[in-house]
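Whatever order the structure lists ligands and atoms in, that order sets their numbers, starting from 1. Please read these numbers as outputs of a predicted model, since none were measured by experiment. Heads up: numbering here begins at 1 and tracks the sequence.
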Amino acid sequence: MRIYLLFYFFAFANCANILFLSDIPSISHFMWSKILLDSLYERGHNITALSVHVEKSRANFTFLHLDKVVPEVNKLNDKYDFFEFFKLGVSIELSYFSKLLNIISKKSFESQGYKQLQNYPENFKFDLVLYENSLDSCLLGILEKFKNTSPLIGITPKHSSRPFGANLLFPSFVPAHNLLVSSKMNFQQRLQSAISHLIEQIIINFYIKPITRQNIEDHHANVNLDEIQRRTKIYLVNSDGFTSYPIPLFSSQINVGGMHIKKPKSLQNEFNAIADNAINGLIYFSLGTTLQNKLKREISLKILRTFGRLSSYTFLWNFNQSKESLPMDLPENVKNFNWVPQNDILSHKNMKLFISHCDLLSIQEALFYAVPILSLPLPLILFMDQPFYANRIKQHGVSETLSILDFTEDEFYETIKNMLENKTYKENAKKVSKRFRDQPMTPIEKAIYWIEWIMRNPDADLEGVAADLKFFAKYSFDVYGVFLTVFVSFCYSTLKFVIFIIKTCVYRRKNVKIFEKKSN
Ligand SMILES: *[C@@H]1O[C@H](CO)[C@@H](O)[C@H](O)[C@H]1NC(C)=O
Ligand SMILES: *[C@@H]1O[C@H](CO)[C@@H](O)[C@H](O)[C@H]1NC(C)=O
């Protein structure tokens, strides 16, 4: 018996069956999650990943492919010019999102991988389920079929300016995403922030979430989604103290910001030569795949001309286009690659500046390696946080921001030149980097620790009643409502009373006057 127990413990600690669910059609999200899955695999766990993006399966690491999603999403994205799209207003954004969410759900359910998991025996035991919760996952419905109720962990490469789980909104010191103000807001800004946060919550809860929920309910007859979601014990969130604002959190939220940053490897071949030879300074430019492919010619032209003018510096452009499609010949100091080992390049000693559309994963790398950032975020769109990050990191004195839609060539030139010559950006970046690195354990170690902690303590409830309260009760709006009603009623009755008294006095006086007249 003792031996059996020992074996059981050993087996549990070393080899748990972990299911990973991700319906997000984004390579960068997948790469982020993969770092976590790889580490769990190395710890001896058996991983089954049902995911839009996959790799080749191997022993103890099974990928189930949601193969139908990406082709449909690409078809949808081809219909939109993202540089224009963002100017068209919220209704267009919302209709895009509703189409996207419908495709994700419907095509996931039709996919090979989904059917494979549905064919698993009902008594197959997953000890733990990790799921991507950047959007509401349409894949949670499948858990209904598994008889055992394993704990869930939500993971997301986004950060917590929007609350996960039972966590709260703090509009008074976390500005809403569409307000490009610092967290130190005056009354008017706080009012705007509260209204914007509220509108966003209404959109999320009454428009976005119901789409996925309806799809799940259409596909799985008797699913109780609330019950499944309530099994989520913790959220691993890509928050750090630099790209997000300080806020109070439940202990269910584990901040693993920068978890994806790998130990830099030394650069190979041409990258090595370029970086080592850039003695005046290396500048890395990247807009991420989606934007890069849709970059307009006139914008590319402004960028290339400016780089050409700064001829003593070397520019490395992560640009996925052929030479023919460029608007001009590449200046000699600009090197163009359709793939760049970003993490390793940013860690190079000659790296002076990162010009970025300001996606979270990239700027975390830059901050980690103390590289100042010139942000070129696309202007606002719901659920895209780049202007928000750009605005936040500016507070650390490590960055400047220009609008990618309408920056001028001179403005671009002056900003780059100033950022390279003015030493304060680098000094501030070094301070941030030092703090970023100074942690009791690395973010990935922390993530693994908490995942295994949940497996050791599957009954833990770190959110308590807060997780069950509805919006109005959670923020005590109903209580304030009562206060307000009492206050208003009190004021009203006092007013009534005063008016009554005044009227009575006036009436009396009149009466007295009439009486006096009469008696005269
Ligand atoms: C690992 O998980 C797969 C399911 O994806 C299962 O078929 C296999 O038996 C598991 N291996 C172990 C050692 O539990
Ligand atoms: C897979 O897991 C089983 C059970 O834990 C283990 O015996 C086996 O060595 C693992 N295989 C690989 C390739 O890691």
(request) Please step through side-chain hydrogen bond (donor to acceptor under 3.5 Å, both in side chains) for the pair N17 and N46, ending with a clear verdict. (result) CA-CA 5 Å; N17 270 324; N46 182 27; 2.5 Å; yes

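- In terms of protein heavy atoms, atom 7 (O) of ligand 1 is closest to F124 CE1, 4.5 Å.
- Here is the list of ligand 1 atoms found below 4.0 Å of a heavy atom in Y120: 4 (C), 5 (O).
- Between the choices N17, N60, N46, the shortest heavy-atom distance to atom 6 (C) of ligand 2 belongs to N60.
- For atom 14 (O) of ligand 1, the protein comes within 4.0 Å by at least one heavy atom.
- Close approach of ligand 1 to T62 (heavy-atom distance below 4.0 Å) involves ligand atoms 5 (O).
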(request) Assess whether salt bridge (Lys or Arg N to Asp or Glu O under 4.0 Å) is satisfied between E110 and K115, documenting all intermediate values. (result) CA-CA 8 Å; E110 286 174 19; K115 292 175 186 159; over 6 Å; no

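- Near T48, the atoms of ligand 1 lying under 4.0 angstrom from a non-hydrogen atom of the residue are 2 (O), 4 (C), 5 (O).
- Remark: the N343 side chain and the Y369 side chain contain an N/O donor-acceptor pair separated by less than 3.5 Å.
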(request) Applying side-chain hydrogen bond (donor to acceptor under 3.5 Å, both in side chains), run through R43 and S39 and close with a yes or a no. (result) CA-CA 6 Å; R43 299 271 302 168; S39 300; over 6 Å; no

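- Annotation: cation-pi geometry satisfied between R437 and F368 (NZ/CZ under 6.0 angstrom from ring centroid, within 45° of ring axis).
- Taking every heavy atom of C15 and a limit of under 4.0 angstrom, the matching atoms of ligand 2 come to 5 (O).
- Heavy-atom neighbours of K431 NZ from other residues, nucleotides or ligands within 6.0 Å: at or below the threshold of 12.
- Here is the list of ligand 2 atoms found below 4.0 Å of a heavy atom in A59: 13 (C).
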